[in-house]
Peer 1: 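Here you go, one structure.
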Amino acid sequence: MHSSLQVYNSLTRQQEVFKPVNPPYVGMYVCGPTVYGLSHIGHARCYITFDVIQRYLKHLGYQVRYVRNITDVGHLERDGDEGEDKIAKQAQLEKLEPMEVVQRYMNSFHNDMALLNVQPPSIEPQASGHIPEQIQIIQQIIDQGLAYESNGSVYFNITAYEKKREYGKLSGRNIHDLLAGTRVLAGQSEKKFPLDFALWKKANKTHIMRWPSPWGEGFPGWHIECTALATKYLGPYFDIHGGGIDLLFPHHECEIAQSQAVQSTTLAKYWLHNNLVMIHDHKMSKSLGNFITLEELFQGIHPLLSQAYSPMVLRFFVLQAHYRSTLSFSNEALQASEKGYLKLINGLRVVKKMSYTPSNLGNPNPDAISQIEQYVASCYQAINDDFNTAKLIAELFQLLRFIYALEYKQIDFYKLGKTTFELLKKTYILFVEDILGLQEHCKAAPQEFLSVILKMYAQAKQQKNYEQIDLLRAELKKLNIMLHDTARGVDWSYI
RNA sequence: GGUCGCGUGGCCGAGUGGCUAGGCAAGGGUCUGCAAAACCCCCUACGGUGGUUCGAAUCCACUCGCGACCUCCA
């Protein structure tokens, strides 16, 4: 019925028709957070993006297994022997057990994701719970002759790997170019070659997080965790691997190398990367320190913010751009998104309670019907075009015009006919609520209370009791609800 | 230095050869007890220079500016 889904594959650098490896099943792996701090807007963009992708794949009828890991070990501050484990470092700062740090920020992450209406993944494995699996893969890489032990640590042997496979395909690099930009760091003496990366690191005496291994006590390298977890739960070759574009190199490149080494696959068929959130023309990131945490955003406690913004406003803001474009963050942009979100979501309320009620039996208007059908088709074309949610939202605003035209009796239902009306209603709800995952952000009052108030308002209106009306309006305004008169009587909206 | 990408109206942001998204803001109007919501009108842009073409924001060349990755980062 609709054009088929196409996705941009970073591995081939082109848009391809999406064909699952083993339909109707779809396996998707997304790199999750390292839980040593609060999540920020950049994290939100990534997980909202893949949430929508996951939702749409389900809508298409695929049985999706979505795996998103929690990195709680092995992620070092820097490369080389001097790097400190992020979790361990934070544990020292907060005077907590490492696993206490992990639990704290994992809880916070889950809370943020729930507020953003990001559906939980099917499986959310923690790296620390899968040490044996990681050791096993490392051993397999050694057995292939593609890794070596050095002073209790194990490194991936790029030189040996290059003789069998090509390193750098995903990021479009070659060893020569990479070497040109390599700084010779002190403490890399354990490596045979500068581009070799750690699979297992020996724990020094003070290192808290340590596990026994064939190479002594230590901990796994960062890249091996994703290869191990993805393979365990999705098999050696699955459909989609996602993450932020900043992970493309070296992280994802290394994942592919590890997978090629032991199972001769690129791990995933399609590699998808979301672009970054920019702030003042620079990437928002932990290392630059220019990030705004989700907590700060939702509470409005940051110098750059003039007010608090609801999670749904952020979700709308993110989805108004295509996921592969950079997105410039500013207070002004969020203000615009808040208005746009409210418009879209008030429309959702209106259309949900709307039913086909023609005033008479006139003839349908072919032009109106054709227009709606075209907008509906455009919605599918947009989402099928590499998840172009920006375009999709534009089309939804077009459908919204018809919804209000019906609501305000500028057009009668009979002009659309029941079939087209139902198509309009169904499509709008489907995309806004189910696929984009936007929902009403205000839970100001239960519907029952609101309807009582609306009755009081209508009564006062009849009696022209303007004092009473103004009072009701003023009180509800405090709850971000606006009462207003429509062609169909009294109604309310979020403001 | 290497690799890659971007520059769209006041802001955010779609758009890869003709049909010139969308949201917000600004201005005007309809409606209204006053409003709000909604609707209508208005504002019509593609860093610069040159080229290809009947025709370019869209292709090519040069140029200016910005960014990402090459170290941790969603």
Side-chain angles (χ1 to χ4, degrees), chain A residues 13 30-34 37 39-50 75-80 83-84 86 168 171-174 176-183 185 195 222 242-251 253 273-278 281-288 291 316-317 320-322 324-344 346-347 350 378 382 385 388-398 400-401 403-405 407-408 410 461 464-466 469-470 473 477 482-487 491-495:
Chain A
R13 289 150 194 274
V30 173
C31 291
T34 304
S39 301
H40 60 70
I41 294 168
H43 296 110
R45 184 178 195 191
C46 175
Y47 303 119
I48 289 169
T49 295
F50 287 100
H75 204 159
L76 304 184
E77 291 271 312
R78 290 175 300 278
D79 196 14
E84 285 181 87
K86 287 172 183 290
S171 56
R173 292 152 205 254
N174 58 53
H176 179 76
D177 292 342
L178 284 167
L179 280 175
T182 300
R183 279 172 280 170
L185 294 172
L195 300 182
W222 176 36
I245 200 167
D246 50 347
L247 297 184
L248 193 142
F249 188 90
H251 186 53
E253 197 72 77
H273 293 95
N274 64 282
N275 217 315
L276 308 172
V277 174
M278 310 299 275
D281 286 333
H282 287 279
K283 164 191 179 181
M284 181 183 286
S285 76
K286 275 224 155 89
S287 46
L288 290 176
F291 57 91
F316 180 86
F317 171 69
Q320 238 190 342
H322 183 89
R324 287 197 299 111
S325 300
T326 53
L327 172 60
S328 294
F329 173 88
S330 67
N331 185 65
E332 199 182 359
L334 273 190
Q335 299 245 308
S337 285
E338 182 169 77
K339 291 290 179 64
Y341 159 74
L342 288 170
K343 190 171 177 179
L344 202 66
N346 278 319
V350 168
S378 292
D385 184 14
N388 192 337
T389 53
K391 183 91 186 329
L392 169 61
I393 288 173
E395 302 300 336
L396 290 173
F397 277 113
Q398 295 300 329
L400 185 57
R401 292 171 59 193
I403 290 168
Y404 276 120
E407 174 72 1
Y408 290 93
Q410 288 152 351
K461 198 89 190 177
K464 299 197 184 222
N465 184 347
Y466 297 122
I469 291 169
D470 290 343
R473 277 213 187 111
K477 197 170 182 179
M482 172 63 65
L483 295 180
H484 52 85
D485 310 313
T486 78
D491 200 6
W492 62 276
S493 309
Y494 293 111
I495 53 166

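Because the structure is predicted, anything quoted here is derived from the model rather than measured. So you know, we letter chains A, B, ... as the sequences are listed, proteins then strands, and number each from 1.
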Peer 1: How many Å lie between CG on A:L195 and C1' on B:C70, as a whole number?
Peer 2: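 For the pair A:L195 CG and B:C70 C1', the rounded distance is 10 Å.
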Peer 1: How many angstroms lie between atom CD1 of A:I393 and atom CG of A:L400, to the nearest 0.5 angstrom?
Peer 2: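 The CD1 atom of A:I393 sits 12.5 Å away from the CG atom of A:L400.
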Peer 1: Look at A:S325 and B:A14 and indicate whether a side-chain polar atom (N or O) is within less than 4.0 Å of OP1 or OP2.
Peer 2: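 Yes, A:S325 has a side-chain N/O under 4.0 Å of OP1/OP2 on B:A14.
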Peer 1: If you find the nucleotide of RNA chain B closest to A:L400 and the one closest to A:K391, which residue's nucleotide is nearer the 5' end?
Peer 2: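 Here A:K391 is the residue nearer the 5' end.
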Peer 1: Determine the interatomic distance between C1' on B:G2 and the same-named atom on B:G10; round to the nearest Å.
Peer 2: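 That atom pair is separated by 39 Å.
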Peer 1: I want to confirm an ordering. Mapping A:Y408 and A:S285 to their closest nucleotides on RNA chain B, which one lands closer to the 5' end?
Peer 2: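 Result: A:Y408.
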Peer 1: For B:A68 and A:H282 - does any side-chain N or O of the residue sit under 4.0 Å from the phosphate oxygens OP1/OP2?
Peer 2: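 Yes, because at least one side-chain N or O of A:H282 sits under 4.0 Å from OP1 or OP2 of B:A68.
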Peer 1: Check the distance between B:A36's C1' and A:D470's CG and give it to me in whole angstrom.
Peer 2: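 Distance, rounded to whole Å: 12 Å.
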Peer 1: Given B:A74, is OP1 or OP2 found less than 4.0 Å from the side-chain N or O atoms of A:H43?
Peer 2: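 Yes, within the criterion.
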Peer 1: Hey, what do you get for NE2 (A:H282) to CG (A:L276), rounding to the nearest 0.5 Å?
Peer 2: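 Answer rounded to 0.5 Å: 13.0 Å.
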Peer 1: Using the P atom in both, what is the distance from B:C39 to B:G23, to the nearest Å?
Peer 2: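 To the nearest whole Å, 9 Å.
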Peer 1: Let me know the distance between CZ of A:R173 and C1' of B:G2, rounded to the nearest Å.
Peer 2: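 Distance, rounded to whole Å: 9 Å.
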Peer 1: Roughly how many Å is it from CD in A:E332 to P in B:G13, rounded to a whole number?
Peer 2: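 Atom-to-atom, A:E332 to B:G13, this comes out as 11 Å.
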Peer 1: Hunt down the Watson-Crick or G-U wobble partner of B:U16, both distances under 3.5 Å, from any strand shown, or write none.
Peer 2: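 Base partner found: none.
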Peer 1: Using the C1' atom as the reference point in each nucleotide, state the distance between B:C69 and B:A56 in Å, no decimals.
Peer 2: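 Pairwise C1' distance, B:C69 against B:A56, rounds to 32 Å.
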Peer 1: Tell me whether the side-chain N/O atoms of A:Q398 come closer than 4.0 Å to OP1 or OP2 in B:G22.
Peer 2: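 Checking B:G22 against A:Q398, a side-chain N or O does come within under 4.0 Å of OP1 or OP2.
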Peer 1: Whole Å only: how far is the NZ atom of A:K339 from the P atom of B:A36?
Peer 2: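 Going from A:K339 (NZ) to B:A36 (P), I get 11 Å.
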Peer 1: Does the base of B:A36 carry an N or O that pairs as donor and acceptor with the side chain of A:R473 under 3.5 Å?
Peer 2: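 A donor-acceptor contact between them is absent.
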Peer 1: Counting Watson-Crick and G-U wobble pairs only, both distances under 3.5 Å, name the nucleotide matched with B:A57, or none.
Peer 2: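 B:A57 is unpaired by these criteria.
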Peer 1: Paired with B:C69 by Watson-Crick or G-U wobble geometry, both distances under 3.5 Å: which nucleotide is it?
Peer 2: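 Its partner is B:G2.
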Peer 1: Distance-only, no hydrogens or angles: does the A:E407 side chain make a donor-acceptor pair with backbone N or O of A:V350 under 3.5 Å?
Peer 2: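 Not a single qualifying donor-acceptor pair exists.
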